[in-house]
A.B. asks: 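Have a look at this one before I ask anything.
Please read these numbers as outputs of a predicted model, since none were measured by experiment. So that the names make sense, note that chain A is the first sequence line, chain B the second, and so on, each numbered from 1.
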Amino acid sequence: MMRSPKQALVMTLYILFLMVPIYWLINMSLKTNTEILGSFTLWPRDLTLDNYRTILTDPSWYMGYVNSMIYVVENMVISIAVALPAAYAFSRYRFMGDKHLFFWLLTNRMAPPAVFALPFFQLYSSVGLFDTHIAVALAHCLFNVPLAVWILEGFMRGVPKEIDETAYIDGHSFGSFFVRIFMPLIASGIGVAAFFCFMFSWVELLLSRTLTSVNAKPIAAAMTRTVSASGMDWGVLAAAGVLTIIPGALVIYFVRNYIAKGFALGRV
Amino acid sequence: MDKTLNNKAWFLVAPVLVLVAFSAVVPLMTVVNYSVQDTFGNNQFFWAGLDWFDQMLHSERMWAALGRQAIFSAIILAIEVPLGIFVALNMPKKGFWASVCLVLMALPLLIPFNVVGTIWQIFGRVDIGLLGYALAKLGIGYNYTANAFDAWVTVVVMDVWHWTSLVALLAYAGLQSIPEAYYQAAKIDQASRWSVFRYIELPKMQGVLLIAVLLRFMDSFMIYTEPFVLTGGGPGNSTTFLSIDLVKMAIGQFDLGPAAAFSLMYFLVILAISWVFYTVMVNLDKAEGK
């Protein structure tokens with residue numbers, strides 16, 4: 001099909017709708033508070049990087065990013081590591097209760113985090129994990145592991161079973177087959193699953209805020225600090241927001257060729 | 001694909017099982033535990049039977065929150081699914097601009113939920129936000145913190161902004177899998193644009209669209225952070241959805257019993273609806289496999 005001007009117009013309008021609020025945030029982050037509150041300007045007249053400077057020089061701010069990054073990466077590694085063998089089992093074998101187990105796993109993706117906030121708090125407090133990165137990483141496994149299993153299963157289904165059989169005939173053990181032959185074949189699937197784990201762990205706030213206080217406080221929770229006695233510090237708030245968008249944008253850029261298939265959970 | 005019967009596959013599933021049991025079953029049991037007990041402090045608990053469930057079933061507050069939630073999810077699905085399909089149909093098929101569109105469209109999906117709330121909180125303010133300011137200049141009285149209707153519109157537009165791309169990307173993935181030959185055949189048959197959509201594109205997108213509806217339903221039904229940051233559930237209770245109400249009850253007021261009973265019923269509602277979607281999806285997969 002040919003691209004018509006009408007199509008280009010629709011896309012331009014839609015992308016504009018998506019970008020304008022983000023532009024506004026960036027715009028605000030480059031203004032001084034006096035300019036934000038004093039006059040209404042479409043672009044910063046008095047360009048300043050002070051808001052960013054505040055964040056990047058204050059440990060209580062920038063440690064938020066470090067903390068978020070640590071638990072997101074931990075969660076990604078744990079989720080993929082346990083989901084890989086499970087997805088293989090679901091895609092290759094029938095076994096007792098497999099369908100029920102698969103649905104039960106998915107139900108965890110459907111569980112409202114609000115339901116789990118308080119029990120998680122008590123569980124992790126009682127085992128002494130409260131306010132650690134690993135606690136948040138484990139809590140996020142609740143929705144990321146089922147999702148990773150679901151995505152990986154979709155990708156693995158596309159690999160013909162004959163490859164497994166040939167590898168066994170060639171004398172590969174299960175472990176060596178899985179790591180040397182099978183994983184490279186579904187590398188894009190692993191990338192997509194990791195992307196989704198990153199995404200949902202990075203954007204989640206309710207659980208990560210409930211499970212941390214000081215040492216592992218995520219950036220999203222740190223942003224509530226900008227409300228102070230002297231009113232909102234809009235500039236710093238906007239700058240912190242802009243900085244949370246950057247990791248996501250970088251990750252999207254790397255997986256852009258797989259995004260479409262990935263969003264279909266490998267099921268196209 | 002034919003699968004071999006092999007119960008040893010359980011060993012491969014075991015790690016997931018242990019992990020999810022730790023992070024889902026244990027907390028869920030705590031909730032069940034609270035839902036049937038009452039406490040007067042000092043960690044002394046008394047058996048309360050099903051009283052809390054009974055109380056919550058007759059609670060106007062819960063029914064009101066459920067009603068708002070149902071309306072919200074219905075509006076979200078009614079706007080985002082058609083709009084997402086429409087956008088996907090207009091996306092460039094390949095090349096540089098396809099990549100640009102993909103990256104820009106995926107961007108809102110990777111913004112932390114509270115930042116999404118913050119963006120719209122700023123954007124909608126009459127004094128410093130572009131949207132609020134522009135509307136005020138046009139003479140439309142708009143104030144999402146005071147007017148319930150404005151608050152609803154803002155929350156809905158925010159969600160459309162945030163998640164329509166997910167539907168669009170899924171539909172786009174479905175469209176990508178249609179071989180060019182189908183379109184050529186349709187051209188030879190002189191099929192109209194509508195019949196191409198109805199008989200070629202829509203059936204091919206069915207599978208991914210179900211995933212989209214399922215994901216959008218689940219996530220809109222559990223929505224918490226964005227409206228909480230934007231409106232805090234207000235003005236009044238007008239945008240207090242189920243999760244917001246639940247967190248208020250459990251952590252704000254520490255009414256553990258009712259909150260737990262509420263949680264379980266909330267979970268069951270989502271589970272029941274999702275199960276229907278899931279069954280349809282699995283049957284569709286089977287039908288396609290044959």
A.B. asks: By the salt bridge (Lys or Arg N to Asp or Glu O under 4.0 Å) test, which pairs, at least two apart or in different chains, include something from residues 105-116 of chain B?
C.D. replies: none
A.B. asks: A/Phe17 versus chain B, heavy atoms under 4.5 Å apart: side chain, backbone, both or neither?
C.D. replies: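 Contact with chain B: backbone and side chain both.
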A.B. asks: Of all residues at least two apart in sequence or in a different chain, which pass the ring-ring contact (aromatic ring centres under 6.0 Å, His included) check with B/Phe86?
C.D. replies: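 For B/Phe86, no residue satisfies ring-ring contact (aromatic ring centres under 6.0 Å, His included) once neighbours in sequence are set aside.
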A.B. asks: Quick one: side chains of residues 14-33 of chain B, donor-acceptor pairs under 3.5 Å with protein atoms, not counting sequence neighbours, listed by atom name and distance.
C.D. replies:
unit_1	atom_1	unit_2	atom_2	d
B/Ser23	OG	B/Leu19	O	3.3
B/Thr30	OG1	B/Val26	O	2.9
B/Thr30	OG1	B/Pro27	O	3.2
B/Asn33	OD1	B/Gln37	NE2	2.4

A.B. asks: Between B/Leu107, B/Thr225, B/Val229, B/Leu242, who has the most heavy-atom pairs with chain A when the cutoff is under 4.5 Å?
C.D. replies: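 Greatest number of close heavy-atom pairs with chain A: B/Leu107.
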A.B. asks: Which bit of B/Ser243 is near chain A, if near means a heavy-atom gap under 4.5 Å: side chain, backbone, both or neither?
C.D. replies: both
A.B. asks: Where does A/Ala83 contact chain B at under 4.5 Å (heavy atoms): side chain, backbone, both or neither?
C.D. replies: backbone
A.B. asks: Can you tell which part of B/Val100 gets under 4.5 Å to a heavy atom of chain A, answering side chain, backbone, both or neither?
C.D. replies: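 When you check distances to chain A, no heavy atom of B/Val100 falls under 4.5 Å.
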A.B. asks: Which pair of non-hydrogen atoms, one from A/Ala89 and one from B/Val13, has the smallest distance, and what is that distance?
C.D. replies: CB-CG2, 3.7 Å
A.B. asks: Taking atom CG of A/Leu206 and atom CE of B/Met222, what is their separation to the nearest 0.5 Å?
C.D. replies: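 Spacing of CG (A/Leu206) from CE (B/Met222) equals 11.5 Å.
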A.B. asks: Could you tell me which portion of A/Leu105 (side chain, backbone, both or neither) has an atom closer than 4.5 angstrom to a non-hydrogen atom of chain B?
C.D. replies: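 Side chain only.
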A.B. asks: Under a 4.5 Å cutoff for heavy-atom pairs, which residue among A/Pro119, A/Ala86, A/Pro112 has the most contacts with chain B?
C.D. replies: A/Pro112
A.B. asks: Working to the nearest 0.5 angstrom, can you tell me the gap between B/Leu5 CG and A/Phe95 CZ?
C.D. replies: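 Here the rounded value is 10.5 Å.
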A.B. asks: With a 4.5 angstrom heavy-atom cut-off, could you sort out which part of A/Phe143 is near chain B: side chain, backbone, both or neither?
C.D. replies: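 Looking at A/Phe143, nothing touches chain B.
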A.B. asks: Just wondering, are more than 12 heavy atoms of other shown residues or ligands nearer than 6.0 Å to OH in A/Tyr168?
C.D. replies: yes
A.B. asks: Using non-hydrogen atoms and a 4.5 Å limit, figure out which bit of A/Phe198 sits close to chain B: side chain, backbone, both or neither.
C.D. replies: side chain
A.B. asks: Stepwise, does the side-chain contact (heavy atoms from CB on, under 4.5 Å) test hold for A/Leu205 with B/Phe228?
C.D. replies: CA-CA 11 Å; A/Leu205 173 72; B/Phe228 181 77; over 6 Å; no
A.B. asks: Is A/Leu123 in contact with chain B via its backbone, its side chain, both, or neither, using a 4.5 Å heavy-atom distance?
C.D. replies: side chain
A.B. asks: What heavy-atom pair brings B/Leu214 and A/Trp150 nearest, and what distance separates the two atoms?
C.D. replies: CD2-CH2, 4.1 Å
A.B. asks: Non-hydrogen atoms of chain B under 4.5 Å away: do they reach the side chain of A/Ile78, the backbone, both or neither?
C.D. replies: side chain
A.B. asks: Would a 4.5 Å heavy-atom cut-off, applied to side chains only, mark A/Arg92 and B/Asn6 as touching?
C.D. replies: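 A/Arg92 does not reach B/Asn6 side chain to side chain.
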A.B. asks: Where does A/Ile15 contact chain B at under 4.5 Å (heavy atoms): side chain, backbone, both or neither?
C.D. replies: side chain
A.B. asks: Among B/Tyr133, B/Trp275, B/Phe11, single out the residue with the greatest number of heavy-atom pairs under 4.5 Å to chain A.
C.D. replies: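 Heavy-atom pair counts peak at B/Tyr133.
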A.B. asks: I'd like to verify something: which residue of B/Ile122, B/Thr118, B/Leu83 has the highest number of heavy-atom pairs under 4.5 Å with chain A?
C.D. replies: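 Top count of heavy-atom pairs under 4.5 Å with chain A: B/Ile122.
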A.B. asks: Please determine whether the number of non-hydrogen atoms from other residues, nucleotides or ligands lying under 6.0 Å from atom CZ of B/Phe197 exceeds 12.
C.D. replies: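 Yes.
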A.B. asks: Rounded to the nearest 0.5 Å, what's the gap from CZ on B/Phe113 to OG1 on A/Thr244? Could you check?
C.D. replies: 12.5 Å
A.B. asks: Relative to chain B, which segment of A/Trp24 carries a heavy atom at a distance below 4.5 Å: side chain, backbone, both, or neither?
C.D. replies: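 Side chain only.
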A.B. asks: Let's test your reading of the structure: which of B/Gly129, B/Ala171, B/Ala212, B/Cys101 forms the most heavy-atom pairs below 4.5 Å with chain A?
C.D. replies: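 Winner by heavy-atom pair count: B/Gly129.
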A.B. asks: Going by residue number, which parts of residues 260-267 of chain B are within reach of chain A, meaning a heavy-atom gap below 4.5 Å?
C.D. replies: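 Under the 4.5 Å heavy-atom cut-off, B/Ser263, B/Tyr266, B/Phe267 qualify.
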A.B. asks: Among A/Phe103, A/Phe200, A/Tyr124, which residue forms the greatest number of heavy-atom pairs with chain B at distances under 4.5 Å?
C.D. replies: A/Phe103
A.B. asks: Given that the side chain runs from C-beta out, which part of A/Leu9 has a heavy atom under 4.5 Å from chain B: side chain, backbone, both or neither?
C.D. replies: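 When you check distances to chain B, no heavy atom of A/Leu9 falls under 4.5 Å.
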A.B. asks: Distance from A/Leu25 atom CG to B/Leu130 atom CG, nearest 0.5 Å?
C.D. replies: 12.5 Å
A.B. asks: How many angstroms lie between atom OH of A/Tyr23 and atom CD1 of B/Ile119, to the nearest 0.5 angstrom?
C.D. replies: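 One finds 14.5 Å between OH of A/Tyr23 and CD1 of B/Ile119.
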A.B. asks: If you take all heavy atoms of B/Leu104 and A/Leu18, which pair is closest and at what distance?
C.D. replies: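 Taking every non-hydrogen atom into account, O-CD1, 4.2 Å.
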A.B. asks: Assess whether atom OH of A/Tyr253 is packed by more than 12 heavy atoms of other residues, nucleotides or ligands within 6.0 Å.
C.D. replies: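 No, because the 6.0 Å sphere around OH of A/Tyr253 holds 12 heavy atoms or fewer from other groups.
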A.B. asks: Under a 4.5 Å heavy-atom cut-off, does chain B meet the side chain of A/Leu138, its backbone, both or neither?
C.D. replies: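 For A/Leu138, backbone and side chain are both near chain B.
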A.B. asks: Looking at every non-hydrogen atom in both residues, tell me the closest pair between B/Asn90 and A/Gln7 and how far apart they are.
C.D. replies: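 Scanning both residues, the minimum pair turns out to be OD1-CG, 3.1 Å.
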A.B. asks: For B/Tyr224, which atoms come within 4.5 Å of any heavy atom of chain A: side chain, backbone, both, or neither?
C.D. replies: side chain
A.B. asks: Would a distance-only check, ignoring hydrogens and angles, find a side-chain to backbone donor-acceptor pair under 3.5 Å from A/Tyr14 to B/Ser165?
C.D. replies: yes
A.B. asks: Given a strict heavy-atom distance threshold of 4.5 Å, which part of A/Leu13 is in contact with chain B: side chain, backbone, both, or neither?
C.D. replies: neither
A.B. asks: Test side-chain contact (heavy atoms from CB on, under 4.5 Å) on B/Leu110 and A/Phe195; report intermediate values, then the result.
C.D. replies: CA-CA 10 Å; B/Leu110 275 127; A/Phe195 166 74; 3.7 Å; yes
A.B. asks: Is B/Trp120 in contact with chain A via its backbone, its side chain, both, or neither, using a 4.5 Å heavy-atom distance?
C.D. replies: side chain
A.B. asks: Considering only heavy atoms and a distance below 4.5 Å, find which of B/Trp10, B/Phe123, B/Trp161 pairs most often with chain A.
C.D. replies: B/Trp161
A.B. asks: Taking the side chain as C-beta and beyond, is there a heavy-atom pair between B/Ile111 and A/Ile22 under 4.5 Å?
C.D. replies: yes
A.B. asks: Who wins among B/Thr164, B/Val160, B/Val116 for the most heavy-atom pairs under 4.5 Å with chain A?
C.D. replies: B/Thr164
